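Structure first, commentary second.
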Amino acid sequence: MTSTGVGWLDQWWMLLTAIGLSSTSGLRAYLPLLALAIGSQIPGGNGGDLITVAPWLTGFAHSGGLWAAVALLILAFIEFVVDKIPVLDHINDAIHTVIRPVAGGFIMAAIDNPISHNSPWVAAIIGAILAFTVHGVKATTRPVVTATTMGIGNPAVSAGEDILAVLMTLLSVFLPILLIIGLVIVLLIMWKPITRGLGRLFGRGARAGLD
């Protein structure tokens, strides 16, 4: 469905969906993309698709959406498995330092919303930043779990991330307003610990450089 058939309220709803899925890309790169591929094929309650894609992606979404969904399903399964294997999970996070922000940027630009409708590149940058932020939190906490549990706790933490990613994906598609409220609450709660941790990290780096 093209943007010409999307009302302003639907576009703002799609913006919330895009924000939610882009943020989820920081945890799992392919699950939100899979949701986008499937959602663009399912009729929604507004007479359009469950997820309305931008005009530049409409043709591919209707012709290649099924094959894209199959490929993304395989990639999502591989990512879920590899993330539970110590050592490989760190390699996986390092590789996805680029892939996850790219996925988040693509999602924000591909979903028809007020930002992508006016500037797909600005939307892509915002989506990449959201995904990179979530990925950064994930990638910095996993080594702590590895060090404190000798890697035994990694599969449990990864399984928790799986559940969180699935929940965030479902909320992004069906009730994105609840997800956005939840993300804001978590950000407010975690703001001081995150800034304190970053301050210590960069402070140590600066002191090491002086030494």
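These numbers come from a predicted model, not from an experiment. Numbering of residues begins at 1 and proceeds along the displayed sequence.
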Original post:
Are T52 and D112 close enough that a side-chain donor and a side-chain acceptor fall under 3.5 Å?
Top reply: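 Note: T52 and D112 side chains miss the donor-acceptor criterion.
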
Rounded at 0.5 Å granularity, tell me how far [atom1] in [X] sits from [atom2] in [Y].
{"X": "D10", "Y": "N113", "atom1": "CG", "atom2": "CG", "result": "12.5 Å"}
{"X": "L33", "Y": "S22", "atom1": "CG", "atom2": "OG", "result": "9.0 Å"}
{"X": "S25", "Y": "I107", "atom1": "OG", "atom2": "CD1", "result": "3.5 Å"}
{"X": "Q11", "Y": "H117", "atom1": "CD", "atom2": "NE2", "result": "5.5 Å"}
{"X": "I91", "Y": "D83", "atom1": "CD1", "atom2": "CG", "result": "12.0 Å"}

Subject >> Contacts of E79 that satisfy salt bridge (charged side-chain N to carboxylate O under 4.0 Å, His left out) - sequence neighbours left out >> reply: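 Testing E79 for salt bridge (charged side-chain N to carboxylate O under 4.0 Å, His left out), a comparison that skips the adjacent residues, returns R100.
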
Which heavy-atom pair separates [X] from [Y] by the least distance, and what is that distance?
{"X": "S116", "Y": "A109", "answer": "CB-O, 3.5 Å"}
{"X": "A110", "Y": "L36", "answer": "CB-CD2, 4.0 Å"}
{"X": "L15", "Y": "P114", "answer": "CB-CD, 3.9 Å"}
{"X": "F174", "Y": "W13", "answer": "O-CZ2, 3.5 Å"}
{"X": "A35", "Y": "V173", "answer": "CB-CG2, 4.4 Å"}

**OP:** Tell me, please, which residues at least two apart from H135 pass ring-ring contact (aromatic ring centres under 6.0 Å, His included).
**Re:**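 Once residues adjacent in sequence are excluded, H135 has no partner under the ring-ring contact (aromatic ring centres under 6.0 Å, His included) criterion.
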
4.5 Å side-chain heavy-atom contact, [X] and [Y]:
{"X": "I51", "Y": "M14", "value": "yes"}
{"X": "D49", "Y": "Q41", "value": "no"}
{"X": "V134", "Y": "L130", "value": "no"}

Subject >> L31-I74 co-clustered via ILVMFWY side chain contacts under 4.5 Å >> reply: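 In one cluster with L31: I74, yes.
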
**OP:** Applying side chain to side chain contact (heavy atoms under 4.5 Å, CB included) between L171 and each of L16, L21, L179, T17, report the one that passes.
**Re:**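 The option that passes is L179.
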
Apart from [X] itself, which Ile, Leu, Val, Met, Phe, Trp or Tyr residues share its cluster (side-chain heavy atoms under 4.5 Å, direct or through members)?
{"X": "V81", "result": "F77"}
{"X": "W121", "result": "none"}
{"X": "W67", "result": "none"}

**OP:** Answer yes or no: is there an ion pair linking D93 with R142, defined by an N-O contact shorter than 4.0 Å?
**Re:**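 Between R142 and D93 there is no salt bridge, as every charged N stays at least 4.0 Å from the carboxylate O atoms.
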
**OP:** Go through the structure and list residues passing side-chain contact (heavy atoms from CB on, under 4.5 Å) with T24, not counting sequence neighbours.
**Re:**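 By the side-chain contact (heavy atoms from CB on, under 4.5 Å) rule, T24 matches P32, A165, M168, T169, S172.
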
